[in-house]
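The next block holds one structure in the form of structure tokens; read it before the comments.
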Amino acid sequence: MKLTRRLTLAAFAGALAMGTAMPTFAADLIAIITPAHDNPFFKAEAVGAEAKAKELGYETLVMTHDDDANKQSEMIDTAIGRGAKAIILDNAGADASVAAVKKAKDAGIPSFLIDREINATGVAVAQIVSNNYQGAQLGAQEFAKLMGEKGNYVELVGKESDTNAGIRSQGYHDVIDDYPELKSVAKQSANWSQTEAYSKMETILQANPNIKGVISGNDTMAMGAIAALQAAGRKDVIVVGFDGSNDVRDSIKSGGIKATVLQPAYAQAQLAVEQADAYIKNKTMPKEEKQLMDCVLINADNSGKLETFALTN
């Protein structure tokens, strides 16, 4: 027996003797890493990915990085240590996540990104994202219509490190700026947070009591904004969101928020798992690394068909 093998066996026996925990490996494990599940969009991603993975016969490891790149890196290490066959990732920053995804690739583990892109190609096997620009234009067109093409409005922007926040804002402005009588009186980041959006909306409303509308970079911030407006007795202000959450669906149905834009979080996550399965079993690569999924406008006409970031028949 070679010395190295004797040492390895001795170390293993020693660990067992001392009761030391040994790494747990799954023969077919898919790691699913997203931001925190208190945002229903990210929870839907995790639920969709996990359901599809289990349907295809995989074990799953579901983790949340809370938009913390360091925590995300530790979770990638965990996935590597557990011998994951693939990683499904909604990342913690377009620049900050490149090194973590590359680390997984260097360890022989393919990554399939959902919702958010990274600022690199050839590192992940797939980047499956909503067509945020197309969706933002849909939302902006509906917003302009609801506003009667005039009036003062506020924009709530997402986390500045998130590429989607900038793309959505650009899509909004490429439509709204064509209407000279629509006047932006405030534009602030609420970091995708409902609590922060409530606080920001309170402050903005005090400084700009004559606002007529609010367009938000996501539904969670839209929910914070509508709560602050309602608390101030301002049921006249038009609010439009982006995501297609059940919370906003219910608000639309009750006459609160007026519209949102559905991005298919659940379907996106399931597609990522299907592509991971094809890669694991046959090394089949998707035709393109970057893949866009179109968004759908949700308003009073079709909100009754919306369920968990998907339209039902």
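Quantities reported herein were computed from a predicted structural model and do not represent experimental measurements.
A side-chain donor from one of Asp162 and Trp192 sits under 3.5 Å from a side-chain acceptor of the other. Remark: the Ser73 side chain and the Lys103 side chain contain an N/O donor-acceptor pair separated by less than 3.5 Å. Ser184 and Glu155 share no donor-acceptor pair across their side chains, judged by distance under 3.5 Å alone. Under the 3.5 Å distance criterion, with hydrogens and angles disregarded, a donor-acceptor pair is assigned to the side chains of Asn132 and Arg168.
Looking at heavy atoms from C-beta onward, Glu196 lies out of side-chain contact with Met221 at the 4.5 angstrom threshold. In this structure the side chain of Arg234 never reaches within 4.5 angstrom of the side chain of Met201, judged on heavy atoms. Considering only heavy atoms from C-beta on, Asp115 comes within 4.5 Å of Gln263 through its side chain. At a threshold of 4.5 Å between non-hydrogen side-chain atoms, the residues Val129 and Arg116 do not count as touching. Between Val157 and Gln188 the shortest side-chain heavy-atom distance does not fall below 4.5 Å. Taking 4.5 Å as the limit, every side-chain heavy atom of Asp247 sits out of range of all side-chain heavy atoms of Ile257. Between Val101 and Asn91, every side-chain heavy-atom pair lies at or beyond the 4.5 Å cut-off. Side-chain contact between Lys105 and Ser111 is absent, with no heavy-atom pair separated by less than 4.5 Å.
In terms of heavy-atom proximity, Gly241 sits nearest to Tyr172 at O-OH, 4.1 Å. Closest non-hydrogen pair, Ala104 versus Ile76, comes out as CB-CG2, 4.0 Å. When every heavy atom of Gln291 is checked against every heavy atom of Pro286, the shortest pair comes out as NE2-CB, 3.6 Å. Closest approach of Ala197 to Ala225, counting heavy atoms only: CB-N, 4.2 Å. Looking at every heavy atom in both residues, Asn70 comes nearest to Asp68 through N-OD1, 2.9 Å. Scanning both residues, Ala272 and Ile114, for their nearest heavy atoms gives CB-CG2, 3.6 Å.
Residues passing the ring pair (Phe, Tyr, Trp, His ring centres under 6.0 Å) test with Tyr153, sequence neighbours excluded: Phe143. Residues passing the ring pair (Phe, Tyr, Trp, His ring centres under 6.0 Å) test with Phe41 are Phe309, sequence neighbours excluded. Qualifying side-chain contact (heavy atoms from CB on, under 4.5 Å) partners for Asp174, counting only residues two or more places apart in sequence or in other chains: Tyr133, Gln137, Gln170. By the side-chain contact (heavy atoms from CB on, under 4.5 Å) test, Ser161 pairs with Lys159, sequence neighbours left out.
Taking CD1 of Ile33 as the start and OG of Ser97 as the end, the distance is 10.0 Å to the nearest 0.5 Å. In this structure, NZ in Lys145 is found 7.0 Å from CG in Asn299, a value given to the nearest 0.5 Å. Atoms CD and CD1, from Glu142 and Ile215 in turn, are 10.0 Å apart once rounded to the nearest 0.5 Å. A distance of 4.5 Å separates CD of Glu289 from CD of Gln127, quoted to the nearest 0.5 Å. In this structure, CG in Leu29 is found 8.0 Å from NZ in Lys85, a value given to the nearest 0.5 Å.
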Exercise answer: donor-acceptor pairs, residues 44-52 side-chain atoms, under 3.5 Å, sequence neighbours excluded:
from  : atom 1 : to     : atom 2 : distance (Å)
Glu50 : OE2    : Lys54  : NZ     : 3.3
Glu50 : OE2    : Thr60  : OG1    : 3.1
Lys52 : NZ     : Glu55  : OE2    : 3.2
Lys52 : NZ     : Glu274 : OE2    : 3.4

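Side chain of Asn152 to backbone of Pro209: no donor-acceptor contact under 3.5 angstrom is found. Judged by distance alone, with hydrogens and angles left aside, the side-chain atoms of Ser130 form no donor-acceptor pair with the main-chain N or O of Met293 at under 3.5 Å.
Residue pairs meeting the side-chain hydrogen bond (donor to acceptor under 3.5 Å, both in side chains) criterion with at least one partner in residues 204-224, sequence neighbours excluded, are Asn39-Thr220, Asp219-Ser245, Asp219-Thr260.
Around atom NZ of Lys305, no more than 12 heavy atoms belonging to other residues, nucleotides or ligands sit under 6.0 Å away.
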